[in-house]
Amino acid sequence: MATNDHFCSNQALEKEVLRLKEVLQSITSEQLNTEAELLDTRKKLADLERAFAEQVRGVDSRYRDRMDSLMQQNADLRKHALQTSMEFCQYRANLQQARAPLSTSVRERMRAVVKARSTAKLGVALGLDEQEDNRTRPLSAPGTHGERKLAKEISKEHNVQELRPLSCMPHFHY
């Protein structure tokens with residue numbers, strides 16, 4: 001029976017070895033499948049990382065281009081604003097230059113008028129007019145022949161060109 005036990009134990013060992021070989025084979029097969037899945041997953045991950053990097057570069061490029069465009073637009077607007085400001089300052093300077101002789105001549109004319117009026121008032125006050133009674137007349141009243149004559153003389157004295165009709169006031173053209 002010793003052989004029989006040995007045979008049984010041999011047979012049991014062979015069965016155990018076969019079972020362990022099957023387990024080993026299934027584990028090896030499972031390991032190969034897992035390694036293949038891992039390789040596929042790594043490949044998919046690399047593809048996703050590459051696609052993500054491309055999208056990031058695309059977004060960066062778009063925003064970089066947009067920022068460059070906005071910075072250029074800002075520079076152009078600043079240049080245009082500066083140029084417009086300079087043109088406006090030049091326009092104001094030209095306008096002031098053009099008005100300067102005009103305002104000077106108007107000032108001189110007004111001084112002549114004031115002087116003519118004061119001289120005319122002085123003449124009226126001194127009785128140089130042709131009125132027999134020394135009553136003073138309001139300046140808004142039409143001028144008499146004597147007042148017009150006096151105003152004409154004064155205007156010649158002060159280089160005033162033209163007199164208004166029936167008045168001692170010079171006539172200005174604006």
Side-chain angles (χ1 to χ4, degrees), residues 1-119 139-140 154-155 157-165 167-174:
M1 209 136 169
T3 52
N4 208 6
D5 278 342
H6 184 32
F7 180 72
C8 278
S9 110
N10 229 2
Q11 213 175 18
L13 281 177
E14 282 180 17
K15 279 184 181 179
E16 186 64 25
V17 167
L18 281 177
R19 188 186 65 77
L20 287 176
K21 278 186 181 179
E22 285 177 12
V23 169
L24 179 62
Q25 190 176 15
S26 74
I27 290 175
T28 305
S29 171
E30 196 174 315
Q31 180 188 4
L32 290 175
N33 287 340
T34 305
E35 286 177 356
E37 284 178 20
L38 178 63
L39 189 61
D40 285 345
T41 304
R42 283 184 178 167
K43 189 175 181 182
K44 287 178 183 177
L45 178 63
D47 290 343
L48 287 174
E49 285 175 346
R50 199 172 11 261
F52 180 73
E54 285 176 24
Q55 287 181 346
V56 167
R57 277 193 300 274
V59 168
D60 282 347
S61 174
R62 276 193 306 252
Y63 282 106
R64 188 178 321 109
D65 292 347
R66 179 75 173 141
M67 283 178 27
D68 289 344
S69 170
L70 288 174
M71 287 180 2
Q72 182 64 41
Q73 187 178 11
N74 188 14
D76 292 345
L77 287 173
R78 283 178 187 260
K79 183 179 176 183
H80 180 69
L82 182 64
Q83 183 179 0
T84 303
S85 177
M86 288 173 54
E87 287 174 1
F88 179 71
C89 288
Q90 185 63 40
Y91 170 76
R92 280 184 38 193
N94 291 343
L95 189 62
Q96 286 175 352
Q97 246 180 358
R99 285 185 179 173
L102 201 83
S103 65
T104 303
S105 66
V106 168
R107 234 182 276 131
E108 290 172 1
R109 286 181 184 175
M110 290 304 291
R111 283 185 187 143
V113 167
V114 169
K115 191 170 184 180
R117 272 191 175 179
S118 65
T119 307
L139 290 176
S140 62
I154 292 171
S155 67
E157 200 176 282
H158 295 287
N159 294 329
V160 177
Q161 299 289 329
E162 187 180 325
L163 294 175
R164 291 185 186 159
S167 171
C168 62
M169 295 294 296
H171 182 67
F172 295 111
H173 295 285
Y174 294 102

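For this chain, numbers begin at 1 and follow the sequence in order.
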Which donor-acceptor pairs under 3.5 Å do the side chains of residues 40-63 make with protein atoms, sequence neighbours left out?
| residue | atom | partner | partner atom | Å |
| --- | --- | --- | --- | --- |
| Thr41 | OG1 | Glu37 | O | 2.7 |
| Asp47 | OD1 | Arg50 | NH2 | 2.6 |

Next item on the list: Could you tell me which residues satisfy side chain to side chain donor-acceptor pair (under 3.5 Å) with Gln96, sequence neighbours excluded, listed by chain and number?
Entry: none

Next item on the list: Would you give the length of the straight line joining atom OG of Ser85 to atom CD of Gln90, rounded to the nearest 0.5 angstrom?
Entry: 11.5 Å

Next item on the list: For atom CD of Glu87, decide whether the heavy atoms of other residues, nucleotides or ligands shown that lie under 6.0 angstrom number more than 12.
Entry: yes

Donor-acceptor contacts, no H, no angles, side chain residues 16-24, under 3.5 Å, sequence neighbours left out:
| residue | atom | partner | partner atom | Å |
| --- | --- | --- | --- | --- |
| Glu16 | OE2 | Arg19 | NH2 | 2.5 |

Under 3.5 Å, which donor-acceptor pairs do the side chains of residues 67-78 form with other protein atoms, sequence neighbours left out?
| residue | atom | partner | partner atom | Å |
| --- | --- | --- | --- | --- |
| Gln72 | NE2 | Asp76 | OD1 | 3.1 |

Notebook entry, point to check: Taking only residues two or more places apart in sequence or in another chain, which ones pass side chain to side chain donor-acceptor pair (under 3.5 Å) with Gln31?
Noted result: Glu35

Check: Just by modelled atom types, is the His80 backbone N or O under 3.5 Å from a matching donor or acceptor in the Thr84 side chain?
Finding: yes

